[in-house]
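Here's the structure we're looking at; comments come further down.
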Protein chains: 2
Amino acid sequence: MAETSNHQEDGGPKESGKLILKTPKGTRDYNPLEMAIRRTVFKTITDVFHMHGAVEIETPAFELKEILTGKYGEDSKLIYDLEDQGGEKLSLRYDLTVPFARYIAMNKITSIKRFHIARVYRRDNPAMTRGRYREFYQCDFDIAGDYDPMLPDAECVQLVHQVLSKLDLGDFTIKVNHRKILDGLFGACGVPAEKFRTTCSAVDKLDKTPWEDVRKEMVDDKGLDPNVADLIGEYVKLSGGEDLIEKLQADERLKDSEDVQAGLKDMCLLFEYCTLLNCQENLRFEMGLARGLDYYTGVIYEATLQTGQSGEEGSVGSVAGGGRYDNLVGMFDPKKKTIPCVGLSFGIERLFAIHERKNKEVKIRATNTEVYVAAATKGMIQERLKLLAELHGEDIKAESSYKTNPKFLNQLQYAEENGIPWVIVIGESEVNDGVVKLRETATRKEETIKRDQLIQAIKTR
Amino acid sequence: MAETSNHQEDGGPKESGKLILKTPKGTRDYNPLEMAIRRTVFKTITDVFHMHGAVEIETPAFELKEILTGKYGEDSKLIYDLEDQGGEKLSLRYDLTVPFARYIAMNKITSIKRFHIARVYRRDNPAMTRGRYREFYQCDFDIAGDYDPMLPDAECVQLVHQVLSKLDLGDFTIKVNHRKILDGLFGACGVPAEKFRTTCSAVDKLDKTPWEDVRKEMVDDKGLDPNVADLIGEYVKLSGGEDLIEKLQADERLKDSEDVQAGLKDMCLLFEYCTLLNCQENLRFEMGLARGLDYYTGVIYEATLQTGQSGEEGSVGSVAGGGRYDNLVGMFDPKKKTIPCVGLSFGIERLFAIHERKNKEVKIRATNTEVYVAAATKGMIQERLKLLAELHGEDIKAESSYKTNPKFLNQLQYAEENGIPWVIVIGESEVNDGVVKLRETATRKEETIKRDQLIQAIKTR
């Protein structure tokens with residue numbers, strides 16, 4: 001008996017006496033139809049996770065504040081703190097990666113391939129129309145353990161490829177780069193080592209900002225030499241496939257940089273493995289990809305969807321991202337012993353939004369009720385309840401009206417509006433004859449069936 | 001590649017330099033095996049919800065503070081507030097019922113049958129060994145709408161009966177009572193109307209506290225006349241079935257109380273409907289059942305499990321509870337227009353704990369990988385990756401080692417330890433002959449299969 005048409009997309013305020021009825025800024029409710037879509041998207045993704053033999057974990061929504069301290073660089077100001085009501089200082093989790101690293105260190109785990117689907121919290125000023133919120137789902141897959149180079153990394157790319165192919169939301173690109181290549185490049189161009197991370201943050205803005213503005217930030221805010229910035233500018237616009245790897249291996253300025261060459265060797269292996277794993281077609285080496293977070297140490301990647309409509313691409317942005325972070329677990333270990341990790345996170349809210357837009361014309365049901373039990377005449381409440389008990393006892397999804405004497409037409413209408421395929425009709429004459437009528441909602445055809453053969457009749461349909 | 005044996009049940013502290021590695025007080029992580037169990041329990045419950053045609057909604061983890069204000073009586077002090085970082089005053093949700101009422105009022109919904117599975121937050125001092133936490137899952141099912149008496153209420157009882165039967169955790173009792181009967185009783189015994197709620201709170205403690213202590217609280221703390229308390233004591237120890245309804249209908253003191261008689265009429269109907277719905281066997285009318293929360297207005301119920309071992313029963317306590325709350329939505333409506341509601345909440349953490357204890361001997365897998373791809377000789381990484389891509393392309397759950405040259409026995413051992421039923425073995429000779437070996441982990445039997453018939457061979461097994 002769902003009524004969902006009045007749902008307000010933006011959780012906008014409605015006056016109620018003095019009370020304003022709304023969800024907190026940057027948050028939203030999910031109505032039943034949205035939840036039905038969400039279930040579909042989650043199932044597709046978790047099926048792929050299970051295909052790779054991943055296990056699932058869950059951690060609390062908040063952590064000790066000090067666990068999160070010093071992990072997010074400039075974004076730390078976006079962390080929600082809980083009020084000090086006596087006891088520990090707590091903060092809502094900002095992502096699922098830091099809690100994962102805490103979990104590994106705390107439990108002294110040496111290897112795990114896990115997924116984690118949960119909401120995270122950021123005091124951002126998000127554009128909610130674009131599927132960005134202060135409370136939003138992340139869907140993370142990570143591989144921790146000391147393994148041979150690029151095998152887990154390639155599996156992450158393969159997994160993104162599989163999920164986006166199965167969700168069938170349009171063409172996509174998986175951009176990859178490597179933090180060692182970036183750092184080596186910065187060094188070779190003359191950036192001092194202590195400015196690597198902040199230069200990286202500037203490059204990270206290239207997907208939303210023109211080069212001219214990024215260059216300005218590098219020179220004016222970060223204090224880079226204009227010539228250094230221009231040099232970087234020449235490289236970060238490069239993108240390609242294995243050809244670009246070869247080109248950079250031979251580059252005069254970069255060929256003596258150990259970091260760059262180590263990174264390029266990784267990239268070579270990544271492209272080889274991805275080809276074997278049959279997921280190389282959408283892969284693109286992009287020198288301008290930087291990723292904002294401080295903790296990445298190796299391969300980084302980001303997947304973007306082409307929605308096909310001009311102007312929309314920018315509003316979709318990236319739908320998955322991740323990379324290698326080999327030192328994060330060590331930050332929690334007393335002896336700084338670390339566990340190498342690589343992983344990715346799906347931007348689920350955006351995938352929902354695109355899925356919703358794409359499936360607007362598809363009729364989605366919020367329930368999957370199979371049978372509606374309708375009374376044709378008055379006084380059928382006892383019979384209806386007995387029928388419901390019998391149907392439920394056979395695991396058949398069934399509903400009936402909560403009125404003792406509902407109008408017949410209202411019941412048929414309810415079944416039609418809610419897409420319930422079958423209606424069992426029972427009235428005085430049916431009770432007397434020991435039968436029921438079985439009505440097919442789509443065709444409105446009715447058939448008389450013996451009461452004791454009803455369950456069998458429904459199961460065969 | 002899961003490693004879960006080091007999981008710490010209590011999230012206890014471990015020193016890490018200055019940092020103490022633990023989850024916040026009253027919270028816990030779930031390890032992969034616990035998550036596998038949780039998935040099973042959730043699926044059982046949601047299947048029953050779907051059987052009743054319920055839709056699903058989700059609301060934010062926090063609400064505007066004022067939404068929660070004045071809804072929980074004495075328990076309001078347990079609400080977690082977020083720090084004031086500028087902007088709105090926010091609190092973590094205390095339950096799923098108040099957010100549901102806010103959702104109904106905000107969206108002007110007139111009828112809905114919904115479920116909602118999510119975590120709630122209470123700054124309690126819980127006994128975590130008993131499955132009680134500060135952050136814990138609730139699993140709520142509610143019916144909102146203006147319907148004929150007791151039909152939705154009976155469905156709630158039926159649903160509890162179905163879920164507990166399907167979970168198969170032992171015998172259970174569904175206790176029922178009625179707020180009108182309690183209020184009428186208090187009035188008939190001489191409690192002033194303004195002390196009904198506080199007297200009710202005292203009665204609520206009867207499941208954990210002996211009558212003598214409850215009586216003391218009534219007299220000393222709540223200021224009831226000792227004779228009044230003794231009179232109440234005579235009634236709240238009564239329990240039974242339809243016989244008790246008849247007895248109370250004829251009771252000299254209660255027969256003139258409109259509230260009591262209205263409540264008893266409801267109870268009559270509830271027992272009749274539950275009999276028709278085939279869920280009356282575990283139903284017990286308990287005059288001592290009160291439920292703590294202020295917002296209940298009609299039928300209240302609570303399900304308890306008998307674990308069969310002495311001493312354990314008390315430690316399990318109630319696993320589901322709920323009732324009718326006809327005025328809560330009206331508290332959010334500008335014209336105080338209300339929508340009658342009835343619902344229930346499963347105490348999921350306790351169900352998990354009991355399920356875990358019961359299934360200790362059952363071998364549970366955290367993954368459901370079907371095939372492990374093993375190398376018999378060196379240099380098989382390319383072949384293995386191609387095989388993985390092929391298997392995943394056919395939606396077959398498959399894993400392989402992240403080492404380029406893993407030891408053969410280690411691979412077989414991994415498959416055995418993780419209960420992976422099949423191992424594909426590939427080595428130089430197999431590649432040369434265009435075949436693979438398919439090994440059954442349980443029997444260790446091997447069979448040679450042509451490479452191009454492999455997928456078919458696995459699918460038929």
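Quick note on labels: first sequence line is chain A, next is B, and so on, each numbered from 1. What you are looking at is a predicted structure, and each value in this text was computed from that prediction instead of being measured.
In this structure B:H161 satisfies the ring-ring contact (aromatic ring centres under 6.0 Å, His included) test together with B:F172, sequence neighbours excluded. By the salt bridge (Lys or Arg N to Asp or Glu O under 4.0 Å) test, A:R38 pairs with no residue at all, sequence neighbours left out.
Of the atoms belonging to B:E135, it is side-chain heavy atoms, and not backbone ones, that fall under 4.5 Å from chain A. With a 4.5 angstrom heavy-atom cutoff, A:Q85 touches chain B via backbone and side-chain atoms both. Contacts between A:E155 and chain B at a heavy-atom distance below 4.5 Å involve the side chain alone, from C-beta outward. For A:F49, no part sits under 4.5 Å from any heavy atom of chain B, backbone or side chain. Proximity to chain A (any heavy atom under 4.5 Å) is shown, for B:E370, by neither the backbone nor the side chain. The contact between B:D146 and chain A is made entirely by backbone atoms, counting heavy-atom distances below 4.5 Å. Neither the backbone nor the side chain of A:D47 comes within contact range of chain B; no heavy atom of the residue lies under 4.5 Å from a heavy atom of that chain. For A:R384, no part sits under 4.5 Å from any heavy atom of chain B, backbone or side chain.
For chain A, the option among B:L391, B:T59, B:D81, B:I57 with the highest count of heavy-atom pairs below 4.5 Å is B:D81. By number of non-hydrogen pairs under 4.5 angstrom with chain B, the leading residue of A:R102, A:K166, A:E63 is A:R102. Between chain B and the options A:A61, A:A36, A:A54, the largest number of non-hydrogen pairs under 4.5 Å is found for A:A61. Across B:K386, B:E383, B:R114, B:M150, the residue that shares the most heavy-atom pairs under 4.5 angstrom with chain A is B:K386. Looking only at heavy-atom pairs under 4.5 Å with chain B, the residue among A:I104, A:N368, A:T369 that has the most is A:N368. Note: A:I143 leads A:D84, A:L388, A:I143, A:V48 in heavy-atom pairs under 4.5 Å with chain B.
For B:R28 and B:Y30, the positive end sits near the middle of the six-membered ring, less than 6.0 Å away and at most 45° from its axis.
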